[in-house]
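Read through the structure below, which is laid out as structure tokens, and then see the notes.
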Amino acid sequence: MDDLPLQKIQISGPTLASMIQRFSSSPGDVDGLLFGRVAHITPSNFSDDDPTTTTSSSTLSSDSPTLIATITSFFCFNSTTTFYDSTGQLNVVSLRRLLSSDRDRDSNSPNSLIGWFSGRRKTPLRPSMRESSVTSSLSSKIQFSFQVENSPKSYTLSPCIFLLLTTPFQDQLIHTHDFRAYQFRLSTDYFEPKTLYVVNIGPAFRGHYGAFSPNSPFPALSCELRGLHSSSMVEDSKSDGESLRGMRKISKEDQEELNACAEGFEVGRLSRLMGSEAANYTAELEELYDKMLAKLDGLARVVEKSSARVLEQENHNLKLRHKIAGLE
Amino acid sequence: MAIDTVPPLFAAQLNYLVTHSPIPMKVEQMWSGSKYHGLFDRFTLVIPFCLDYIKWDVIYNAQYPLAAPDIIFGPEDESFRPFHAAGEEGDLKSPKNSLSDWNTKDHTRLLSLILELRDLYMAYQRKRVGEVDDDRLKFEISTVISKKGIEMSMSSGAEKPEEVKFAVPLLEMDINKMVTGCTWRHQQKIFLQVIFPVGRKYSSAPTAPRLKLVASSELKALFSIEDFRLPPWLEGMCMAEYLPTLEEMLESQIADAVSLIDIRRKFIVALAPLFGRPVEADPVFCRKATFLASSGVFTFLVHFSLPLQFPKLQPVLMLQSSQHFNSHSAPIKSPLLTNFPWSPRWETSEMVERMFDFLAEECLNFKKYCNESLLQQR
């Protein structure tokens with residue numbers, strides 16, 4: 001396991017926002033796990049000078065690779081002391097169970113556990129005794145280490161990132177939350193403060209839009225897209241045949257998933273929405289949409305009901321805990 | 001649920017901590033970490049250490065009242081990691097400490113946790129001081145380390161030069177026991193604060209450390225450390241040489257101070273035949289006594305306050321009328337009186353008689369003064 005310095009830590013605006021939202025809507029303190037990746041980047045500090053004269057920068061880049069950590073998602077618990085005990089010792093079994101269930105959910109996600117976070121109200125913005133122990137033992141566990149992506153040499157890092165969220169002591173301040181990101185260095189036993197770059201905020205990130213490639217867990221739709229494309233160009237039997245052949249390429253599993261969504265309304269039929277026959281089909285399509293909406297509505301109701309029951313149960317638990325503590 | 005309350009389990013622990021701690025700790029501020037109700041579950045504790053204070057934040061969780069608290073140490077103590085070294089591979093159970101088998105219902109727990117952590121903090125500071133690369137300091141440490149109760153700390157900041165601070169407890173004797181019927185809650189101790197600047201290598205002669213005596217304010221009733229003259233720190237001296245002389249001087253002066261209590265007591269007793277039984281008197285340190293007196297129908301109180309150096313220094317008198325009140329309905333008092341005849345060489349009975357004669361005169365002046373100030377109010 002290499003103890004390499006990170007150049008910076010990035011997080012996307014929505015991820016940070018939803019983390020803050022989880023923290024601020026929770027009744028008490030929270031903690032959770034951070035997922036993401038660490039990538040090696042080739043430093044782009046090109047200069048007009050002769051490379052032999054700029055020795056400092058060249059030695060720097062050869063000494064330690066430039067690594068950037070990106071937090072892409074997180075998992076927030078409803079309380080603290082979840083995957084560790086009161087002394088800060090990791091509960092490796094429960095942590096591994098959490099990680100495996102997360103991996104099952106989206107198995108093709110390349111994200112690994114890169115650290116954890118803690119959110120506590122009205123407290124100083126520095127790691128506590130327990131947080132130090134947890135971070136240190138998380139960083140020293142070889143079984144959670146992961147590979148640095150995009151790197152010419154093979155490096156491994158451990159989950160060494162710690163993100164701390166607090167609220168200011170005085171309520172009347174303009175800002176409502178404070179946060180600070182650290183990289184824990186095992187070799188020096190020290191929390192190195194790192195700047196947390198919020199991706200997509202500020203002019204520095206304009207370049208990102210150019211290099212943006214969508215990465216979503218939606219089923220791959222490449223075949224349908226091609227079918228649609230060709231059929232909209234020329235409408236004849238040949239293109240139909242082509243699109244059918246394209247359809248066959250879809251794996252059975254994907255097809256089933258799609259059929260469940262479309263309720264037998266094949267994608268190929270969408271092409272008939274063009275031209276003179278369109279009027280006949282719009283009604284059919286609208287009916288399909290209505291059905292889908294009704295389904296969604298039903299689903300929302302089920303979710304709402306179960307959320308209400310979860311809330312009820314949580315309130316009940318809280319009451320019981322308060323009763324034990326003599327707070328009734 | 002009540003707003004802004006401390007949950008009873010935390011309150012019991014805090015109360016126990018404040019009342020039973022061998023060192024005077026206090027809670028500076030309280031906050032609530034809950035979103036919906038203002039249950040106070042995080043506190044800033046002020047803990048004396050090395051003649052200074054350290055502030056630690058104790059974080060409970062009102063949502064989970066039975067869970068163990070967490071501690072946030074001061075901003076300069078980032079590298080202080082108690083309960084940490086063990087358990088590199090996690091499967092080994094870490095050694096038992098105050099947190100590992102936490103029980104919120106046992107209200108002695110917070111105190112024992114804080115005391116355990118303070119001991120670890122002391123060891124941490126001692127280690128830091130030991131790592132300072134300064135031969136003179138290394139020598140000083142090796143000679144005084146065995147002294148019981150010695151504390152040391154390292155102070156370093158961006159602007160200020162590095163310093164090592166020692167808090168050396170002086171005198172083996174128990175001052176509390178020397179004073180009969182003493183009411184001090186905490187054990188009185190006198191400390192010598194020694195601050196060494198950390199020497200740069202190859203610097204010339206080592207500079208003398210800064211020295212200061214420190215004691216609690218309660219000790220003022222018996223002995224004033226401000227009036228004590230520290231013996232000079234000679235060039236090339238070390239603490240091991242300095243301390244015995246200092247302790248010897250201090251010991252004899254404290255013994256004197258204790259014996260002076262008796263002289264003051266005798267004086268107050270001697271006042272009784274002429275002034276009557278005191279209305280109020282300080283029975284422990286005998287620094288104050290108040291008598292009721294009258295001249296004709298004019299009734300007034302006489303306050304005697306006796307300085308620490310009594311009888312070398314004369315007492316201070318103040319008269320207070322029982323019949324005249326100012327516009328705020330407070331009794332009218334005389335200014336402090338010291339212009340009576342006094343000699344420390346007189347017998348106690350002579351001192352008392354002369355003061356009585358003085359007061360017989362002075363009370364008439366005071367009566368006039370009272371009447372005049374009443375007239376002015378009209």
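Letters go in sequence order (proteins before strands), and every chain restarts at 1. Only a predicted model underlies this, so the values are computations on that prediction, with no experimental measurement involved.
For Pro75(B), the parts lying near chain A are the backbone and the side chain together; criterion is any non-hydrogen pair under 4.5 Å. Interface remark: Ser24(A) contributes backbone atoms only to the contact with chain B (heavy atom separation under 4.5 Å). Heavy atoms closer than 4.5 Å to chain B are found in the backbone of Ser26(A), but not in its side chain.
Atom OG in Ser132(A) sits 12.0 Å away from atom CD1 in Ile71(B) (nearest 0.5 Å). If you take OG on Ser128(A) and CG on Asp70(B), they are separated by 3.0 Å, rounding to the nearest 0.5 Å. The structure places OG1 of Thr123(A) at 9.5 Å from CH2 of Trp31(B), a figure rounded to the nearest 0.5 Å. Note: Trp56(B) CH2 to Met129(A) CE = 9.0 Å, rounded to the nearest 0.5 Å.
Heavy atoms only, all atoms of each residue included: Asp29(A) and Gly33(B) are closest at OD1-O, 4.2 Å. The heavy-atom pair separating Lys122(A) from Arg42(B) by the smallest distance is O-CD, 3.7 Å.
Residue-environment remark: NZ (Lys26(B)) stays at or below the threshold of 12 foreign heavy atoms within 6.0 Å. No more than 12 heavy atoms of other residues, nucleotides or ligands lie within 6.0 Å of NZ in Lys55(B), so this atom counts as exposed by the packing criterion. A 6.0 Å sphere centred on NZ of Lys212(B) holds no more than 12 heavy atoms belonging to other residues, nucleotides or ligands.
In this structure the side chain of Val30(A) never reaches within 4.5 angstrom of the side chain of Gln63(B), judged on heavy atoms. The closest side-chain heavy-atom distance from Arg81(B) to Ser133(A) is not below 4.5 Å. Considering only heavy atoms from C-beta on, Arg126(A) stays 4.5 Å or farther from Glu78(B) through its side chain.
The choice from Ile72(B), Asp41(B), Leu66(B) that makes the most heavy-atom pairs within less than 4.5 Å of chain A is Ile72(B). Listed options Pro127(A), Gly88(A), Pro27(A) were ranked by heavy-atom pairs under 4.5 angstrom with chain B; first place goes to Pro27(A). If you tally non-hydrogen atom pairs under 4.5 Å between each of Asp189(A), Thr167(A), Asn91(A), Asn317(A) and chain B, the highest count goes to Asp189(A).
Checking side-chain atoms of Ser34(B) against main-chain N and O of Gly28(A) turns up no donor-acceptor pair under 3.5 Å.
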